[in-house]
There are 2 protein chains.
Amino acid sequence: MSGYLRETSQRRVILEELGKLTSHPTANEIYEIVRMRLPRISLGTVYRNLELLSESGLIQKLEMAGKQKRFDGTIENHYHIRCIRCGRVDDLKLPAMKSIDGTATIVSDYEVLWHKLEFGGLCPECSAQRSRKGKVEILEIKRNTIGRKD
Amino acid sequence: MSGYLRETSQRRVILEELGKLTSHPTANEIYEIVRMRLPRISLGTVYRNLELLSESGLIQKLEMAGKQKRFDGTIENHYHIRCIRCGRVDDLKLPAMKSIDGTATIVSDYEVLWHKLEFGGLCPECSAQRSRKGKVEILEIKRNTIGRKD
DNA sequence: ATACGTAATGGTAACTATTACTAGTTAATG
DNA sequence: CATTAACTAGTAATAGTTACCATTACGTAT
């Protein structure tokens, strides 16, 4: 009685297009892509389907710190890395740490159920750009503490 | 020339109140607390100061996956755990994994600069509540895959 | 002290990402 | 086919946060 997912053209195309991508598009990016095949699709439909598809385990929803959600056509468990400069997100070939939830349970009062591990850094392109034009302001913040002058 | 932080009463009170708390309040919670001492302070001022104070390293900004930002009066590096039921955030007594950024750099093309590790689970209160009333719906999602009935 | 430059403020509007609503449409089943 | 509940497009609403701007006030120099 809890309902099931029907196969609509909108849903199928979203799933197909997401499957083609190795990137980790945002809802809006998926919307733009799908719109080329279904020009009348609504953004809300894309959001709703991404939500339902991730709930049903057909795709993966990535909720990265302080950023908009991204979606991953693959289901297998893996960590991600985000470029702090251009914002692209890549998979990381690092095995999931299975025991760490148990460790966290031991050192806390919580019943730990999951963990999210996210890396930040510079992608090859941005890294190369950075060394070309010298140190970049991103990495250092030049504010002083209260009461001090610069 | 890059500017410095003046000591305003608003900024001082925000910092003081945040220092009193062991919780990890949201901007709005801080706003409500500070408002008891400075009734005319604006929410924008709170946001701006939390941003500047965290930039200057006097406080810590926690950007947890898919949730609103929270702020931490202590600077020391540590991981956090969030209750998936009531939303409270606690510190975790787990030493920061220092070598993992290097590991990630090796297995990727990125120049890895930092990582965020965040745990989810049930806090003692919610855990007790859960066992009292049996399994909770949060943990299982009962959607079926496309084309299948339930 | 007084004046000056600029950071900071309060109030509000704007913005972004996402969710909710609703009347009409359509896929799956008998 | 007929039924019905899931789904859709379009739009409004929401939450959290940032941007703007005229005015205020902090820190420094006179």
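Letters A, B, ... mirror the listed sequences (proteins, then strands); counts begin at 1.
Atom pair Arg11(B):CZ and dA25(D):C1' shows a separation of 12 Å (rounding to whole Å applied). With rounding to whole Å, Gln68(A) atom CD is found 17 Å from dG16(D) atom P. Rounded to whole Å, atom P of dA8(C) lies 16 Å from atom CG of Leu38(B). Following rounding to the nearest Å, Arg12(A) (CZ) and dA27(C) (C1') show an atom-to-atom distance of 12 Å. One atom, CG of Asn49(B), and another, P of dT17(D), lie 15 Å apart when rounded to the nearest Å. Counting to the nearest Å, the C1' atom of dA5(D) and the OH atom of Tyr4(A) are 8 Å from each other. One atom, CD of Glu63(B), and another, P of dG16(D), lie 15 Å apart when rounded to the nearest Å. In this structure, CZ of Arg35(A) is placed 13 Å from C1' of dG10(D), rounded to the nearest angstrom.
Closest-nucleotide positions on DNA chain C for Ser9(A) and Ile41(B) were compared, and the one nearer the 5' end corresponds to Ile41(B). Comparing Arg48(B) and Thr45(A) by the nucleotide of DNA chain D whose heavy atom lies nearest to each, the residue mapping closer to the 5' end is Thr45(A).
No engagement by Asn28(B) is indicated, since no non-hydrogen atom pair under 4.0 Å with the nucleic acid exists.
For Leu5(B), the side-chain atoms get nearest to dA8(C) when compared with the rest of dT18(C), dA8(C), dG10(C). Here dG10(C) is the nucleotide among dT17(D), dG10(C), dA9(D) with the atom lying nearest to any side-chain atom of Arg40(B). Checking dA28(C), dG27(D), dG16(D) against every side-chain atom of Glu7(B), the shortest atom distance belongs to dG27(D). Closest approach to the Ser42(A) side chain among dT9(C), dT17(D), dA9(D) is made by dA9(D) (side chain taken as heavy atoms from C-beta onward). Side chain of Gln10(A), nearest nucleotide from dT8(D), dT26(C), dT18(D): dT8(D).
Of the options Leu58(B), Leu52(B), Ile59(B), a side-chain contact (heavy atoms from CB on, under 4.5 Å) to Ser56(B) is made by Leu58(B) and by none of the others.
Using a 4.5 Å heavy-atom cutoff, the side chains of Tyr110(A) and Ser127(B) are not in contact. Using a 4.5 Å cut-off on side-chain heavy atoms (C-beta onward), Asp91(B) and Asp72(B) make contact. Counting heavy atoms from C-beta on, the side chains of Asp90(A) and Asp109(B) never come closer than 4.5 Å.
For the OP1/OP2 pair of dG16(D) and a distance below 4.0 Å, the side-chain nitrogens and oxygens of Thr26(B) include no atom meeting the criterion. For dT19(C), the OP1/OP2 oxygens have no side-chain nitrogen or oxygen of Tyr47(A) closer than 4.0 Å. Taking only side-chain nitrogens and oxygens, Lys69(B) comes nearer than 4.0 Å to OP1 or OP2 of dT18(D).
A donor and an acceptor atom sit less than 3.5 Å apart, one in the side chain of Arg6(B) and one in the base of dA7(C).
The structure places CE of Met97(A) at 4.5 Å from NE2 of His115(A), a figure rounded to the nearest 0.5 Å.
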